[in-house]
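Written below as structure tokens is the structure these notes are about.
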Amino acid sequence: MSLNTDSDTLVNKTLRVLSGATAHLTAVTLTVYVTYVSRPGTSLFSWHPFLMTVAFLFLMTEAILIFSPDSSLLRSFTRRAKGRAHWILQLLSVICAVIGLVIIYSNKVLHEKPHFSTWHGLIGALTLSWALLQSVGGLTLMYPKLIQRWNLATRKLYHATAGLLGYLLGCTSLLLGMCSVWFSAHVTGISWYLCIMCPILTGLVIMNQVSNAYLYRKRSQS
């Protein structure tokens, strides 16, 4: 029985390491590919898909994976250092997303097009709003004295759960963006399907990480 348990543990750990490595590779690869397709700087609009992909797929994915016990690029760092790197990456993510929103808003004004008229636009705006609120919530972890209503463990649980929801909203926004006329015209065939799989894959990896770190542990302790 012990041998089987150890074997299962090793298999699960190996799968987590492989899935985390795949998430890292996926985030980098799709970001590079979207950069190639959008060619930022060739037009005002070209900055929008580039910045949003950097914000929600690359920076946000890496910010969350920092805390992964199996696939973090900063495994040897202290928890405090990981937390500092996390909020820096999240801050950069929000900055990129805000700039991306301003750019697409300005582009629509220039071309006299309606704002937030698609599910992609609506979910994107909701995602950014959620990310801003989540950033404010993160400040209560950095400065615990700001809110003393809940203990630190409870606030970490709420922050992780809300962060997971925000990340999944970001993945949904990216998926909807890939269904847009612009993206479908520039990316076709098998490449389009591979792009679609990227935010789905990273979303599953992040969901598994947060569930194992907080939700599963909470159930096992009850």
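Index from 1, following the sequence.
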- Item | Connected via hydrophobic side-chain network under 4.5 Å: Y36 and M52 | yes

- Task: Verify side-chain hydrogen bond (donor to acceptor under 3.5 Å, both in side chains) between Y167 and T202, making sure each step is shown before the conclusion.
- Result: CA-CA 10 Å; Y167 183 82; T202 57; 3.1 Å; yes

Answer yes or no: is there a side-chain heavy-atom contact under 4.5 Å between [X] and [Y]?
X	Y	value
V54	L59	yes
V94	L132	yes
H24	V28	no
N107	K113	no
T118	L176	no
L169	S173	no
F58	T53	no

Give the table of side-chain donor-acceptor pairs shorter than 3.5 Å for residues 183-193, with sequence neighbours excluded, one pair per line with atom names and distance.
| from | atom 1 | to | atom 2 | distance (Å) |
| --- | --- | --- | --- | --- |
| S184 | OG | S180 | O | 2.9 |
| H186 | ND1 | W182 | O | 2.8 |
| W192 | NE1 | M178 | O | 2.7 |

- Message: Going by the rule ring-ring contact (aromatic ring centres under 6.0 Å, His included), which residues pair with Y158 if we only count those two or more places apart in sequence or in a different chain?
- Response: W150

- Task: Determine the interplanar angle of the F116 and Y105 rings, folded into 0 to 90°, and report it as parallel if under 30°, tilted if 30 to 60°, perpendicular if over 60°.
- Result: tilted

- Classify the angle between the aromatic ring planes of H120 and H48 as parallel (below 30°), tilted (30 to 60°) or perpendicular (above 60°).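 Aromatic pair H120/H48 classed perpendicular.
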
- Note on the structure: Nearest heavy-atom contact between E62 and A27 is OE2-CB, 4.5 Å

- Item | Which atom of A81 lies closest to which atom of F77, heavy atoms considered | CB-CD2, 3.9 Å

